[in-house]
There are 2 protein chains.
Amino acid sequence: MKTNKLERLKAAGWEVGNTEDFLQLSDEEAKLVALKLSLVNAVKKSRIKRKLSQTDLAQRMKSSQSRIAKIEAGDPSVSLDLVVRALIASGATTRDIQAAFTVQ
Amino acid sequence: MKTNKLERLKAAGWEVGNTEDFLQLSDEEAKLVALKLSLVNAVKKSRIKRKLSQTDLAQRMKSSQSRIAKIEAGDPSVSLDLVVRALIASGATTRDIQAAFTVQ
DNA sequence: TCAGTCTATGTCGGAACTGACATATTCGCA
DNA sequence: TGCGAATATGTCAGTTCCGACATAGACTGA
């Protein structure tokens, strides 16, 4: 999956703004990554807000602690599906979710 | 994937409202399905609006016509990832996308 | 009617994603 | 400091999802 390029770089400490044109990511790819990033942040925020540990959240959504850690780290092996699932399971309201989808 | 239950039923002509408690889908599952459904509709709407054929859209996102058809049909084999990707590729604005995430 | 375009459906091999596990690291706090 | 809880990282086998292809059906205008 092409999107992973950016995520890998980000993980290596790059800033998103710079790398976009450097890698010549298409607008579509950039949008998708931004969206995911926004959701990822929302997951962590929502989880913390509800005072859930990663293990707690994992149980709620029948996943594992390591997967939650990867979600929050923006790991390339994590799909949008799973991020959204985590967001929902973390108790985020519909409003929260919608807000997370606000990318400009 | 558990979510498919509902999608299969829906495809068979069921109404979502009824089946939810019948199948005892958790709130989380229901939310996810509703979200996907909303996005799926947005894809078709956006594609038509821009007068793109399924083949056109497929080329834009380097997928295939049959995949687009499946996306729009809410096929169980289609992930949220792909739906969102299609939505973006169809030219939907950020505002459109956000609107599609408005589920209550 | 029929040719051309569009959409739907089924299938398949390969790619991507998953939960689970092991283990390392970080983080309070007594 | 050191201990327990929380989080991070790596790996892997099983599952899901993917594009591609074949083909069927639907729709439109001539």
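Since the model is a prediction, treat every value here as computed from it, not as a measurement. Below, chains carry the letters A, B, ... as their sequence lines are ordered, and counting in each starts from 1. Atom set for the values below is all heavy atoms of this structure, side chains included, hydrogens, waters and symmetry mates excluded.
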[N] base / [X] side chain donor-acceptor hit below 3.5 Å:
X	N	value
A/Ser66	C/dC21	yes
B/Thr55	C/dC6	no
B/Lys70	D/dG19	no
A/Glu72	D/dA8	no
A/Gln54	D/dA8	no

Whole-Å gap separating [atom2] ([N]) and [atom1] ([X]):
X	N	atom1	atom2	answer
B/Met61	D/dC18	CE	P	9 Å
A/Asp81	D/dC17	CG	P	7 Å
A/Asp75	D/dT9	CG	C1'	9 Å
A/Ile71	C/dC17	CD1	P	13 Å
A/Leu57	D/dA8	CG	P	13 Å
B/Lys51	C/dC6	NZ	C1'	16 Å
A/Gln65	C/dG19	CD	C1'	12 Å
B/Ile48	C/dT5	CD1	P	18 Å

Kindly say if [X] contacts the phosphate of [N], meaning a side-chain N or O under 4.0 Å from OP1 or OP2.
X	N	answer
A/Ser63	C/dG19	yes
B/Ser79	D/dC18	yes
A/Arg47	D/dT7	yes

Under 4.0 angstrom, heavy atoms only, what part of the nucleic acid is A/Ile68 near: base, sugar-phosphate, or nothing?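 Contact class for A/Ile68: none.
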Look at the side chain of A/Ser64 and decide which nucleotide, out of C/dG19, D/dG19, D/dT9, has an atom nearest to it.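 In terms of side-chain proximity for A/Ser64, the closest of C/dG19, D/dG19, D/dT9 is C/dG19.
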Taking the side chain as C-beta and beyond, is there a heavy-atom pair between A/Ser63 and A/Lys70 under 4.5 Å?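 Contact flag for A/Ser63/A/Lys70 side chains = no.
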Given A/Leu80, A/Val84, A/Asp81, the one that forms side-chain contact (heavy atoms from CB on, under 4.5 Å) with B/Val84: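 For B/Val84, the side-chain contact (heavy atoms from CB on, under 4.5 Å) check succeeds only for A/Leu80.
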Select from B/Lys44 and B/Arg67 the residue whose nearest nucleotide in DNA chain C is closer to the 5' end of that strand.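 Final value for this comparison: B/Lys44.
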Is a salt bridge present between [X] and [Y], judged by a nitrogen-to-oxygen distance below 4.0 Å?
X	Y	answer
A/Lys36	A/Asp75	no
A/Arg50	A/Asp96	yes
A/Glu72	A/Arg47	yes

Shortest non-hydrogen contact from A/Gln65 toward A/Ala58: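 Residues A/Gln65 and A/Ala58, closest heavy atoms: N-CB, 3.6 Å.
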Nearest non-hydrogen partners of A/Val83 and A/Val40, listed with the distance: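 So the minimum-distance heavy-atom pair works out to CG1-N, 3.9 Å.
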Enter the inter-axis angle for the ends of the helix from C/dT1-D/dA30 to C/dA30-D/dT1 (five pairs per end, rounded to 10°).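 Taking the rotation axis at each end, their angle is 50°.
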Do B/Asp56 and B/Ser53 get their side chains close enough for a donor-acceptor pair, meaning under 3.5 Å?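 Yes, because at least one side-chain N or O of B/Asp56 sits under 3.5 Å from a partner of the opposite role on B/Ser53.
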